[in-house]
2 protein chains.
Amino acid sequence: MFKRAKQNRVFQDVVEQIQDAILTGKLPPGSKLPAERELKEMFNTSRGTLREALRVLEQKGLIEIKLGVNGGAIVKQIGTDPLMESLALLIQSGNVSLAHLSEFRIKIEGSLVELATERATPQDIEKLEQMQARARHCYDTRDWENFLKTDEAMHTYIGTMTRNPVFQFVQKSIHDNIHRYYQDFLPMNRERTLENLTDFDKIIAAMKSKDGAAASAIITDHVQRFHDKMTGKHP
Amino acid sequence: MFKRAKQNRVFQDVVEQIQDAILTGKLPPGSKLPAERELKEMFNTSRGTLREALRVLEQKGLIEIKLGVNGGAIVKQIGTDPLMESLALLIQSGNVSLAHLSEFRIKIEGSLVELATERATPQDIEKLEQMQARARHCYDTRDWENFLKTDEAMHTYIGTMTRNPVFQFVQKSIHDNIHRYYQDFLPMNRERTLENLTDFDKIIAAMKSKDGAAASAIITDHVQRFHDKMTGKHP
DNA sequence: AGATCAAAATGGTTTAACCATTGGGCAGAA
DNA sequence: TTCTGCCCAATGGTTAAACCATTTTGATCT
């Protein structure tokens, strides 16, 4: 019949008011909030309490705080950073294992490539081919570090080709979190890089012929092989 | 050559130390931190600064703070709540649309059901059939509210059948965030509920015969139809 | 003009006090 | 004895005032 009376901590009220103003666009990204000593007056609270509210907003990724004169709280463009951090916490806590993540990635990357193939423009294909050429050059000159960077950039670019930020975020967060823990076990040798090159050749070819199913199958297999190698070395 | 010297705000150092202790298991879930006035001495800092650190840890979902005597900061089991909150922020900010979410859901739910089918135990099937019976009873008595609850419970249960928390989290967060904004447009009528019942009949049958591809196709179509109806009413 | 330094604005930290909530214990009534 | 009501102490929540650290601005000197 009755709901529990709301526990009202002052700083939470401040957080809600500012967050509301940001989400409704009254405080657009890039705009600066008044100085702490002014805000304190506006909210009729103490500086300590106000600062607790700012800490929360900062942690949520809604504002960024700069030092010095003309410093202060600046409204940020909302991004995926806090999401990534939370995910990393989940993984580090052991509530989610790398095997779980990897399994998920294997499934999702197939769908992602399929969607990317459907929506690929000629410019996209061209861009991918340029990147693939760069990767091949790295292979020829045995520049493994840049090969890895290019490889990652290609995966990321395929993510943007979906034109769907959810796929992009999920791919990036899964990829980052897997590699953060696996990179020590990444043996970069001729064999593996060549395999990578061949796979991407096939994927680009499948995309060119608009064969989403084929592209999906290739990348699924590609990611699966990576998964097997890593779990083999790190059981 | 040199990295920028780290901006060391005192409260950040406190956050890191406590977070470290939690993640390494030195502070297991359920354990209680010392009182603020003790922690303040241990870290050799002021209470205000210490409280800023606690606010951050609270926002990260690592601790929970209780009031009164015997109150204090209690280490929480790390869960998906902060992740869900960040995702909700992204959606509310307009950086991610419901169409994006829904498209993602259509893809992921298929993979999820496929995996669930592979791993379904006879007990799982039995559980699903019980829930389906309950849903049918709700349909017969026109109890739409409980029908919806049962429907959601079945989706969630299929998520747990994957035995992979990543699938479970992604499914739950996507589902929650879609329904939070769509529920006003949910017309619960005989036709739609019957359709739901029929779909689940088919899915359970496919699971029984271990036909993951079929189960996947059915649920994908199911979710797609939901998506079309919602976007039709709310373009 | 350019270099140098001082001042002011602003976030970061400290201190000390008081308020609010909660749980436990104690005294008195039933 | 047992229940009720009250008070007390521990603990988080809030306030106030001061000082420190960083950074920009601009005035001054060369």
Side-chain angles (χ1 to χ4, degrees), chain A residues 2-19 21-22 27 29-76 81, chain B residues 2-19 21-22 27 29-76 81:
Chain A
F2 292 118
K3 292 188 298 183
R4 200 167 95 210
K6 196 166 88 180
Q7 176 67 263
N8 242 352
R9 296 191 282 184
V10 175
F11 77 86
Q12 281 180 331
D13 188 58
V14 175
V15 166
E16 277 164 32
Q17 287 194 50
I18 298 181
Q19 174 169 326
I22 293 175
L27 289 173
S31 60
K32 208 181 79 171
L33 272 69
E36 288 184 359
R37 290 163 179 85
E38 286 178 60
L39 283 171
K40 156 188 102 121
E41 300 298 330
M42 293 165 62
F43 287 110
N44 186 34
T45 183
S46 74
R47 227 182 127 202
T49 300
L50 177 80
R51 282 175 58 81
E52 289 189 28
L54 293 181
R55 282 290 89 68
V56 171
L57 291 165
E58 189 184 38
Q59 188 58 34
K60 286 188 178 195
L62 290 172
I63 62 173
E64 184 178 14
I65 292 173
K66 279 178 34 178
L67 232 63
V69 66
N70 272 357
I74 295 169
V75 179
K76 283 214 312 194
D81 286 4
Chain B
F2 292 117
K3 290 189 299 184
R4 201 168 83 213
K6 196 166 84 178
Q7 174 68 266
N8 241 352
R9 296 190 283 185
V10 174
F11 77 86
Q12 281 179 332
D13 188 57
V14 175
V15 166
E16 276 164 32
Q17 287 194 50
I18 298 181
Q19 174 169 325
I22 293 175
L27 288 173
S31 60
K32 206 179 81 171
L33 272 69
E36 289 183 358
R37 289 163 179 86
E38 286 178 60
L39 283 172
K40 157 189 100 125
E41 300 297 330
M42 294 166 61
F43 287 110
N44 186 33
T45 182
S46 74
R47 226 183 127 201
T49 299
L50 175 79
R51 281 175 58 81
E52 289 188 28
L54 292 181
R55 280 292 88 69
V56 171
L57 291 165
E58 188 184 38
Q59 188 60 32
K60 285 188 179 196
L62 291 171
I63 63 174
E64 183 176 15
I65 292 173
K66 279 176 36 175
L67 232 62
V69 66
N70 273 357
I74 295 169
V75 179
K76 282 213 316 193
D81 286 4

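Chain A is the first sequence line, chain B the second, and so forth, proteins listed ahead of strands; every chain is numbered from 1. All figures in this text were calculated on a predicted structure; none of them were measured in a lab.
- Looking at A:Leu39 and A:Leu33, their side chains come closer than 4.5 Å, going by heavy atoms from C-beta outward.
- Judged purely by distance below 3.5 Å, without hydrogens or angles, the side chains of B:Asn8 and B:Gln12 never pair a donor atom with an acceptor atom.
- No hydrogens or angles considered: nothing links the side chains of A:Lys60 and B:Gln59 as a donor-acceptor pair under 3.5 Å.
- In summary, contact between chain A and DNA chain C, defined as any nucleotide atom under 4.0 Å from a heavy atom of the protein, begins and ends at C:dA9 to C:dT13 in the 5' to 3' direction.
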Take A:Leu62 and A:Gln19, measure what side chain to side chain contact (heavy atoms under 4.5 Å, CB included) needs, and give me the verdict at the end. CA-CA 8 Å; A:Leu62 290 172; A:Gln19 174 169 326; 3.9 Å; yes
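- Between A:Glu36 and A:Arg47 there is a salt bridge, with a side-chain nitrogen of the basic residue lying less than 4.0 Å from a carboxylate oxygen of the acidic one.
- Atom pair A:Arg9:CZ and D:dT11:C1' shows a separation of 14 Å (rounding to whole Å applied).
- Here the CG-NZ distance, from B:Leu27 to B:Lys32, works out to 13.0 Å after rounding to the nearest 0.5 Å.
- Non-hydrogen atoms lying under 4.0 Å from DNA chain D are contributed by B:Ala35, B:Glu36, B:Arg37, B:Arg47, B:Arg51, all within residues 31-51 of chain B.
- Taking 4.0 Å as the cut-off between side-chain N and carboxylate O, B:Glu58 and A:Arg9 count as a salt-bridged pair.
- Atom CZ of A:Arg55 sits about 10.0 Å away from atom CG of A:Leu50, to the nearest 0.5 Å.
- Look at NZ on B:Lys66: it is 19 Å from P on D:dA10, rounded to the nearest Å.
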